[in-house]
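The basis for the numbers below is simple: all heavy atoms, side chains too, and nothing from hydrogens, waters or symmetry mates. Residue indices begin at 1 and follow the sequence shown.
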Amino acid sequence: MSTGATTEGPTGNTVAAGLPDAGKTPQRIGVPREIFPGEKRVATVPEVVEKLIKLGFKVSVEAGAGDLSNFSDDTYRAAGAEVVEGAAALWSAADIVFKVRGPTTDEVALMHPGQALISFIWPAQNPELMQQLSAKKVTVLAIDALPRMLSRAQKMDALTSMAGVTGYRAVIEAANAFGRFFAGQITAAGKVPPAKIFVAGAGVAGLAAIGTAVGLGAIVRANDTRAEVADQVTSMGGEFVKVDYEEEGGGGGGYAKVMSEGFQQAQRAMYAKQAKEVDIIITTALIPGKPAPKLITAEMVQSMKPGSVIVDMAGEQGGNCELTVPGEAVVRHGVTIVGYTDLASRLSKQSSTLYASNLFRLTEELCKTKDGIINVNMEDEAIRGLTVTKDGNVTWPAPAPKQPPAPAAVAKPAAAPAAKKGGHGHGGASEPMAGNKLAIMFGVAAALFWLVGSSAPPAFLSHFTVFVLACFVGYMVVWNVKPALHTPLMSVTNAISSIIAIGALVQISPIGGAVDRPNELITWVAGAGIVLTAINMFGGFAVTQRMLAMFRK
């Protein structure tokens, strides 16, 4: 579907207004230098520049854009990009602009109609920026608005990429401000206890923090309003601390929702207890479009041990701690509160590489024809979710993603016929025998055993005892196993039961060096038994290994 609308950029390049047939001239991607205070990241890296060129695009990078991330202008030139002096020249020539931070007012003034911008925008928090971009008649894709619940969107999920970096860096900042080792140690100079860390919020950033802290040897506890993350916390080596209040906190899209007042009271009580016990608190709680919830009160900070540390990863949205100063590290009541808002930038090379990869994957979705021209397809759920303005028209918020159709109701199968008494068939389920029936059976068996034992010779009695015990063990092992496990169980028990080969060997070779040789017929029968049991033994173990291999990764 196309209107054929095009505009001519200052360089003469045809600017595609998100349309597949807007022109055959490859579009130019511009990467300006980030001017936000403290921002060290860059929107693309030389490795990704080569991939963008293979998609048909031209790439321009502002001089010095990658310096703070240790990507020199020469590395961009070597990758095939054009290095442009000055922001005005770059914004003027670019048909598509890759950025990390949303544009400032001065940068918006450099934009021209028909241009496309891909960057973090946070439309809910920046209504004035949205108005400015709309007035410029540009198409804006907010990487933070990606519908994260779509599985195919994971490769484009820059929020997850950056959260993993910030979670790691938060632990590093905590270690820098903390006055002890994380891991417990016993030295000649004395014993050093391990650091205790509490992570509030176990999303991507929280899990990254948990993994890093556990790797450094700390004792880590964590909490989240979403009950399903408890297993993830445990798998990372942490201990999940549950709030004594039943309420589900999943808000959709991988985020948490605002909880009820009752839950919040129970949560504050749990946080107050943890604050008194732990050495370090790392908070990660954010709710999209709203200020960060206050989880750590001033009273909790005051109750912490002197020298403790709080790393507030939600500082940019106001912070999860009442005493957080966004962008700064302050000391309150003997507790260092780190409220840095540039944690991802403090690992700028890694962050830039991951972010550039996310934008490249998005570009692949926008340019499936690999002709260097993007197509903002509003029929694509992922692209529609990202697009906050289209040719100046505000398209945010996007409609909720379509839910998959509910599975058709499956009729309940008819009840399976009851298994016959005393056994189970191949297709039926086997159930353990009822307790009263089992007692009666053993009572009868004991009576029969007594009758036989009272008249049978001693040798027969010893063999009969072994036989009865073998039957009992086999019954208890096989009967109480689920039918699904019968095949591997039978194969291994067949192999083990091949112990009868010992009996055959005894028959072939006289016991105790006796001179008498066994009957020749018995020898041949015993030899055949050895051959057959050898096949049963090795075959049983071989079949068991093959079946168990199906359950291994």
Student: Please find the pair of heavy atoms, one from Val49 and one from Ala81, that lie closest to each other, and give the distance.
Tutor: CG1-CB, 3.8 Å
Student: Run the side-chain donor-acceptor check on residues 310-323: report pairs under 3.5 Å with partners two or more places apart or on a different chain.
Tutor:
residue	atom	partner	partner atom	Å
Asp312	OD1	Thr283	OG1	3.0
Asp312	OD1	Ala314	N	3.1
Asp312	OD1	Asn320	N	3.1
Asp312	OD2	Asn320	N	2.7
Asp312	OD2	Cys321	N	3.0
Asp312	OD2	Thr324	OG1	2.7
Glu316	OE2	Arg101	NH1	2.7
Asn320	OD1	Thr283	OG1	3.2
Asn320	OD1	Ala285	N	3.1
Asn320	ND2	Ala285	O	2.9
Asn320	ND2	Pro293	O	2.8
Glu322	OE1	Ala298	N	3.1

Student: Parallel, tilted or perpendicular, judged at 30° and 60°: which one describes the rings of Phe120 and Tyr355?
Tutor: parallel
Student: Run the numbers on Leu359 and Ile118 for side-chain contact (heavy atoms from CB on, under 4.5 Å), then give the verdict.
Tutor: CA-CA 8 Å; Leu359 294 194; Ile118 303 175; 3.7 Å; yes
Student: Roughly how far, to the nearest 0.5 Å, is CD1 of Ile197 from CD1 of Ile281?
Tutor: 11.0 Å
Student: Count the heavy atoms of every other residue, nucleotide or ligand shown that sit under 6.0 Å from CD of Glu85, and state whether that count exceeds 12.
Tutor: no
Student: I'd like to know whether NZ of Lys54 has more than 12 heavy-atom contacts from other residues, nucleotides or ligands below 6.0 angstrom.
Tutor: no
Student: Using 0.5 Å steps for rounding, measure from the OG1 atom of Thr139 to the CG atom of Asn393.
Tutor: 9.0 Å
Student: Hey, does the side chain of Ser357 reach the backbone of Thr353 with a donor-acceptor pair shorter than 3.5 angstrom?
Tutor: no
Student: Between Val233 and Ala202, what is the shortest heavy-atom contact and its length?
Tutor: CG2-CB, 3.7 Å
Student: If you measure from the Lys or Arg side-chain nitrogens to the Asp or Glu carboxylate oxygens, is any gap between Arg77 and Glu82 under 4.0 Å?
Tutor: no
Student: Could you grab the distance from atom CD of Gln154 to atom CZ of Arg361, nearest 0.5 Å is fine?
Tutor: 13.0 Å
Student: Looking at Arg346 and Glu173, is any side-chain nitrogen of the basic one under 4.0 Å from a carboxylate oxygen of the acidic one?
Tutor: yes
Student: Quick test of your reading of the model: are Arg384 and Glu381 salt-bridged, counting only N-O distances below 4.0 Å?
Tutor: no
Student: Tell me whether Tyr168 at atom OH has more than 12 heavy atoms from other residues, nucleotides or ligands lying less than 6.0 Å away.
Tutor: no
Student: For residues Arg148 and Thr160, is any side-chain donor paired with an opposing acceptor at under 3.5 Å?
Tutor: yes
Student: Cut-off 3.5 Å, side chains only: do Asp371 and Thr369 have a donor facing an acceptor?
Tutor: yes
Student: Taking NZ, NE, NH1 and NH2 as the nitrogens, is one of them in Glu365 or Arg152 under 4.0 Å from a carboxylate oxygen of the other?
Tutor: yes
Student: With side-chain contact (heavy atoms from CB on, under 4.5 Å) as the test, would you mind laying out the steps for Thr387 and Met378 before giving the verdict?
Tutor: CA-CA 8 Å; Thr387 307; Met378 300 296 277; 4.0 Å; yes
Student: How about Lys273: does its NZ atom have over 12 heavy atoms from other parts shown lying under 6.0 Å from it?
Tutor: no
Student: Would a distance-only check, ignoring hydrogens and angles, find a side-chain to backbone donor-acceptor pair under 3.5 Å from His112 to Lys137?
Tutor: no
Student: If you look at every heavy atom in Val108 and Lys136, which pair is closest and at what distance?
Tutor: O-CE, 3.2 Å
Student: State whether Lys40 and Glu34 are salt-bridged, where the test is any N-O pair (Lys NZ or Arg NE/NH1/NH2 against Asp/Glu carboxylate O) under 4.0 Å.
Tutor: no
Student: In terms of side-chain geometry, is the basic nitrogen of Glu239 or Lys196 positioned less than 4.0 Å from the acidic oxygen of its partner?
Tutor: no
Student: Determine the minimum heavy-atom distance between Gly385 and Pro147, stating which atoms define it.
Tutor: CA-CG, 3.9 Å
Student: Just how far is it from atom CD of Gln232 to atom OG1 of Thr234, taken to the nearest 0.5 Å?
Tutor: 10.0 Å
Student: Is it the case that over 12 heavy atoms from other parts of the model lie below 6.0 angstrom from the CD atom of Glu128?
Tutor: no
Student: Mind running side-chain contact (heavy atoms from CB on, under 4.5 Å) on Ile35 and Glu107 for me, showing each step along the way?
Tutor: CA-CA 10 Å; Ile35 61 175; Glu107 288 175 321; 3.7 Å; yes
Student: Would you check if the side chain of Thr284 reaches a backbone N or O of Gly201 as a donor-acceptor pair within less than 3.5 Å?
Tutor: yes
Student: Determine, for Arg28 against Asp95, whether the closest basic-nitrogen to carboxylate-oxygen distance falls under 4.0 angstrom.
Tutor: no
Student: Under the side-chain contact (heavy atoms from CB on, under 4.5 Å) criterion, do Val243 and Asn223 qualify, and how do the steps go?
Tutor: CA-CA 8 Å; Val243 176; Asn223 169 262; 3.5 Å; yes
Student: Under a plain distance cut-off of 3.5 Å, with no hydrogens placed, do Ser345 and Asp342 share a side-chain donor-acceptor pair?
Tutor: no
Student: Answer yes or no: is there a donor N or O on one side and an acceptor on the other, between the side chain of Ser348 and the main chain of Leu68, under 3.5 Å?
Tutor: yes
Student: Just by modelled atom types, is the Ala200 backbone N or O under 3.5 Å from a matching donor or acceptor in the Asp224 side chain?
Tutor: no
Student: Should the heavy atoms of other residues, nucleotides or ligands under 6.0 Å from CD of Glu47 be counted, would the total exceed 12?
Tutor: no
Student: Rounded to the nearest 0.5 Å, how far apart are CZ of Phe57 and CD1 of Ile29?
Tutor: 5.0 Å
Student: Is Ser60 reaching over with its side chain to a backbone N or O of Leu90, donor-acceptor style, under 3.5 angstrom?
Tutor: no
Student: Measuring from Met130:CE to Gln125:CD, what's the distance to the nearest 0.5 Å?
Tutor: 11.5 Å
